Amino acid sequence: MKALMILAVVVVLLIPACLHASPAKSALEVVVLGSGGPRAFGRAGSSFIVAVQGTPRILVDVGPGAFLRIGELGLDLEKVDTVLLTHLHIDHSGDLAAFFNARALTSDGPIAYRIFGPDGKGLFPKTSRFVDLLVGDDGAFAYQRTFGARESFVVHDLAINLDSTRTKIVDEDGLIVEEIATHHGDCPSVAYRISYKGVVVVFSGDMDASALPNLVQLAKNADLLIFNCAVLDPPGSPSQLYDLHTPPKKIGEAARESAVKSLLLSHLAPDVEGQEDAVRKSIRASYSGPVAFASDKLRVPVGK
Ligand SMILES: [Zn+2]
């Protein structure tokens with residue numbers, strides 16, 4: 001027991017200062033709703049809430065299980081009107097309708113959503129079509145638009161070619177959101193940069209290494225880069241996964257090149273979860289800043 005307590009103290013001391021939980025109203029706070037991916041092994045699918053000066057405002061991805069974590073954390077959704085979807089795989093979007101439901105049932109008035117996500121290609125609909133398939137007139141859950149609260153949706157389909165320019169999509173009262181196209185196999189994908197009062201958090205989404213130049217540009221000097229870490233360095237994971245995800249060695253190189261101040265690894269797969277030391281060591285080869293692993297319901301204050 002004593003050894004466990006000592007270990008707990010050591011672990012707390014090892015957590016970088018910028019990743020400490022704090023009740024203070026930081027400029028930005030990232031609440032991890034889901035730190036997992038498509039496999040069912042106890043972590044919710046990928047999802048985050050970003051609070052601005054203490055108020056939850058932005059939902060970044062909404063994988064299965066996000067709904068449950070929102071309730072467990074008792075999060076106030078009243079101001080969460082902005083939804084940023086990195087891509088439309090189920091492990092990032094499966095709980096979107098459930099989120100609409102949860103938000104509507106705690107709302108005092110009409111809700112005006114603005115939703116951003118990638119344009120469509122191949123088997124993947126553009127984001128506006130995706131939302132329409134859920135809650136449009138002919139959507140599976142058309143009833144939701146008037147269930148609890150009257151809802152309206154403005155949906156923006158973002159460019160998905162890697163040579164598309166970095167684009168500002170929100171600029172109001174000091175809150176800025178920018179995006180850039182990434183690459184995730186055959187699934188259109190984008191990354192997001194959220195800034196408030198000079199404090200910056202970047203979400204990679206799922207991406208393979210071919211999109212790293214775009215990600216490095218978007219993440220330049222960010223206070224926190226949340227990178228989805230779903231594979232081990234080759235040959236540790238099935239070879240086809242490297243066409244979808246970036247291995248730790250290259251995550252470390254990207255963190256160094258973009259000069260981010262801290263790194264949080266999320267979207268953890270079972271084999272990555274069991275190899276944290278190896279992952280950290282691989283990243284350490286290039287990047288010397290703080291590196292932490294996400295868990296569901298982790299709160300990460302960023303900035304004062
Ligand atoms: Zn994923």
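Small disclaimer: the values here were computed from a predicted structure and weren't measured. Numbering of ligands and ligand atoms starts at 1, following listing order.
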Residues pairing under side chain to side chain donor-acceptor pair (under 3.5 Å) where one sits in residues 109-118, two or more places apart or in two chains, turn out to be T82-R114, R114-E172
Given the options H267, H89, H183, H245 meets ring pair (Phe, Tyr, Trp, His ring centres under 6.0 Å) only with H267
| message | Quick check: do L224 and V202 have side-chain heavy atoms less than 4.5 Å from each other? | response |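 The answer is no, as the side chains (C-beta and beyond) never meet within the 4.5 Å cut-off.
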Sorted by chain and residue number, the side-chain contact (heavy atoms from CB on, under 4.5 Å) partners of K281 (sequence neighbours excluded) come out as none
I'd like to know if R280 pairs up with D277 as an ion pair, taking the criterion as any Lys NZ or Arg NE/NH1/NH2 lying under 4.0 Å from an Asp or Glu carboxylate oxygen.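 Result for this pair is no, no salt bridge flagged.
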| query | Any ring-ring contact (aromatic ring centres under 6.0 Å, His included) pairs touching residues 273-304, not counting sequence neighbours? | reply |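 Of all non-adjacent pairs touching residues 273-304, none passes ring-ring contact (aromatic ring centres under 6.0 Å, His included).
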The protein N, O or S atoms lying under 2.8 Å from the Zn ion (ligand 1) are D91 OD2, H92 NE2, D206 OD2, H267 NE2
